[in-house]
Amino acid sequence: MIELQTTTPHTSPQDAPVPLCVPELSGNEWLYVKECLDTGWVSSVGAFVERFERELATKIGCRYAVATSSGTAALHTSLVALGIEPDDEVLVSALTFVAPANAIRYVGAWPVFIDAERANWQMDPQKVADFLKRECRWTKGELRNKATGRRVRAIVPVHILGHPVDLAPILDLAQVYNLFVIEDASESLGAAYRGHSVGQLGHLACFSFNGNKLMTTGGGGMITTNSNTWAQLAKYYSTQAKDDPIEYVHRHIGFNYRLTNVQAAMGCAQLEQLDRFVARKRTIARRYADGLADVPGITPMPEADWAHSAYWLYTILIEPQQTGIDSRELRKALNQRGVQSRPLWCPMPMLPIYQGDRSVAYEVEVAPWIYARALSLPSSVGLTTEAQVRVIEALRKLCMN
Ligand SMILES: *Cc1c(COP(=O)(O)O)cnc(C)c1O
């Protein structure tokens with residue numbers, strides 16, 4: 001989603017640009033990476049890969065974790081492991097970064113875009129229910145989309161911006177309609193749904209450790225699951241599908257989606273700091289909420305009472321009738337004042353690659369409404385109080401005149 005914003009070092013911190021979201025590498029990263037270089041274990045086999053998998057699984061509360069080279073690779077591998085096939089359909093959030101929709105296309109399946117709900121901006125469980133009930137029917141033991149005739153196989157709820165999707169009704173529907181659930185938790189490591197870590201409740205879940213995410217390995221991903229079968233399949237497909245690792249016999253087409261030991265070393269160091277990172281994000285969120293509470297036309301980032309948000313990227317909605325400036329003009333004006341911000345992602349059904357018969361869009365109305373108004377604000381774990389005060393002051397000045 002957001003490219004890692006690199007900023008040139010400035011001599012006077014008072015007017016250095018405030019970046020949107022940059023990594024925090026203040027723990028054991030150097031130490032562990034040095035250990036890889038000193039011992040020569042730099043590639044895709046090594047103690048840190050296994051340790052990172054084990055420690056992340058423990059953190060999430062899942063039995064298995066399989067490291068991958070990216071979050072996108074984790075999504076692709078998950079769909080392959082579950083046997084999603086060409087011309088199947090997979091329900092996925094309409095308001096998301098594009099990766100999960102693309103991963104569905106990688107296996108030849110088609111995305112069915114489900115709208116966001118207004119309260120928390122996440123996949124709307126009611127619309128999932130409506131789509132399955134009204135638009136699908138059972139034929140010969142298979143669930144098919146009545147309009148396209150295609151088999152409906154899985155749901156990919158994307159926990160966007162650090163906040164969980166309302167999973168319980170979606171898990172219930174998945175059971176009734178015999179669908180797989182793959183959580184895309186790329187943006188929401190550290191978040192919890194009704195006391196459960198995200199990534200614990202779906203059949204499989206995917207995480208990303210790209211540079212802009214809550215914690216980073218430079219690039220990387222992880223699949224978590226409680227199923228030994230799927231964990232083994234995920235490992236198999238992400239490591240070139242070797243049926244005989246000595247003779248190199250292959251029965252399936254696999255992928256080279258392995259994480260290297262050097263990246264995993266960074267991951268272990270980052271994971272040690274995860275709780276502190278989430279605490280920092282929550283402090284940043286509270287400061288924004290307090291600092292902007294009395295600004296008419298600014299809606300703070302929501303947190304449902306059943307959610308513990310990791311507030312990965314603090315995002316507000318701008319109502320231009322009240323602020324006198326819309327989200328796009330505000331982005332430009334903030335940029336002129338040295339404050340980086342970003343709109344959310346163009347909703348999937350509006351993308352050229354997914355228009356017309358290249359996807360199914362089911363009653364997507366709220367996602368474009370949020371998209372028009374949303375602006376993500378500087379949210380780095382290392383954001384100083386002074387820098388955040390500058391952001392808040394700039395917003396107040398621009399929106400209250
Ligand atoms: C970042 C992201 C991904 C994939 O991440 P990469 O590691 O960059 O491949 C997938 N889904 C969502 C929602 C994301 O934000």
Side-chain angles (χ1 to χ4, degrees), residues 1-5 20-23 52 56 65-80 90-107 111 113-114 116 120-123 154-165 167 181-191 198-199 202 204-224 234 238 255-260 263-264 266-267 270-271 281 301 309-315 342-348 351 353-354 367 370-371 374 376 379:
M1 69 151 303
I2 296 85
E3 287 304 308
L4 177 56
Q5 315 262 356
L20 188 71
C21 201
V22 290
F52 188 34
L56 193 101
V66 176
T68 57
S69 52
S70 72
T72 309
L75 287 160
H76 184 194
T77 303
S78 299
L79 290 159
V80 171
V90 177
L91 280 61
V92 62
S93 307
L95 188 62
T96 173
F97 176 56
V98 75
N102 286 352
I104 291 165
R105 290 299 297 132
Y106 294 171
V107 298
F113 294 120
I114 300 294
N120 305 301
W121 316 342
Q122 308 293 325
M123 175 185 265
I155 310 175
V156 181
V158 185
H159 306 293
I160 63 164
L161 300 171
H163 192 286
V165 172
L167 277 181
V181 175
I182 303 171
E183 294 174 65
D184 184 346
S186 300
E187 298 180 7
S188 297
L189 178 63
V198 298
L204 294 163
C206 299
F207 293 90
S208 164
F209 311 115
N210 190 32
N212 58 354
K213 296 299 189 327
L214 179 65
M215 58 168 258
T216 186
T217 59
M222 194 78 82
I223 300 167
T224 57
S238 61
F255 307 92
N256 177 6
Y257 280 166
R258 296 168 301 182
L259 191 75
T260 66
Q263 291 166 310
M266 272 186 75
Q270 289 268 288
L271 198 53
K281 294 278 190 183
M301 190 163 178
S309 177
Y311 285 104
W312 167 57
L313 211 47
Y314 193 86
T315 303
R342 266 202 65 105
L344 288 185
W345 327 269
C346 179
M348 296 301 104
L351 294 181
I353 45 170
Y354 289 120
I370 295 169
Y371 171 59
S376 299
S379 304

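Counting convention: from 1, in listed order, for ligands and their atoms alike.
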Hey, is C206 touching ligand 1 through its side chain, its backbone, both or neither, going by heavy atoms under 4.0 Å? neither

What part of T72, side chain, backbone, both or neither, has a heavy atom within less than 4.0 angstrom of ligand 1? both

Only heavy atoms count here, so choose which of H159, M222, K213 is nearest to atom 1 (C) of ligand 1. K213

Which ligand 1 atoms, with their elements, are less than 4.0 angstrom from a heavy-atom of V158? 13 (C)

Quick check: do I155 and M123 have side-chain heavy atoms less than 4.5 Å from each other? yes

Sub-4.5 Å side-chain heavy-atom contact between F207 and K213: no

Does ligand 1 have an atom that lies less than 4.0 angstrom from a heavy atom of G221? no

Given the rule in the side chain to side chain donor-acceptor pair (under 3.5 Å) test, do S208 and S186 qualify, once you have shown the distances and angles that lead to the verdict? CA-CA 5 Å; S208 164; S186 300; 5.0 Å; no

Under 4.0 Å to a heavy atom of S70 - the qualifying atoms of ligand 1, by number: 7 (O), 9 (O)

Do L75 and I223 make a side-chain contact, defined as non-hydrogen atoms from C-beta onward lying under 4.5 Å apart? no

Separation between OG (S93) and CD (Q122), nearest 0.5 Å, reads 7.5 Å

So, regarding E187 and ligand 1 (criterion: nitrogen or oxygen to nitrogen or oxygen, under 3.5 Å), is there a contact or not? yes

Ligand-residue contact atoms, ligand 1 with G220, heavy atoms, under 4.0 Å: 7 (O)

At under 4.0 Å between heavy atoms, which part of S186 makes contact with ligand 1: side chain, backbone, both or neither? side chain

Hey, which atoms in ligand 1 end up nearer than 4.0 Å to a heavy atom of P100? 11 (N)

Answer yes or no: does an N/O atom from G71 fall short of 3.5 Å to an N/O atom of ligand 1? yes

Number the atoms of ligand 1 from 1 as they appear, then name those within less than 4.0 Å of a heavy atom of T96, with their elements. 13 (C)

Side-chain heavy-atom pair T68, R258 within 4.5 angstrom cut-off: no

Going from CE on M266 to CG on L271, what distance comes out if it is rounded to the nearest 0.5 angstrom? 12.5 Å

Could you tell me the separation between the CG atom of L161 and the CG atom of N120, rounded to the nearest 0.5 Å? 11.0 Å

Compute the minimum heavy-atom distance from A73 to ligand 1 and say whether it is under 4.0 Å. no

Aromatic ring pairing Y354/F113, orientation class (parallel under 30°, perpendicular over 60°, tilted between): perpendicular

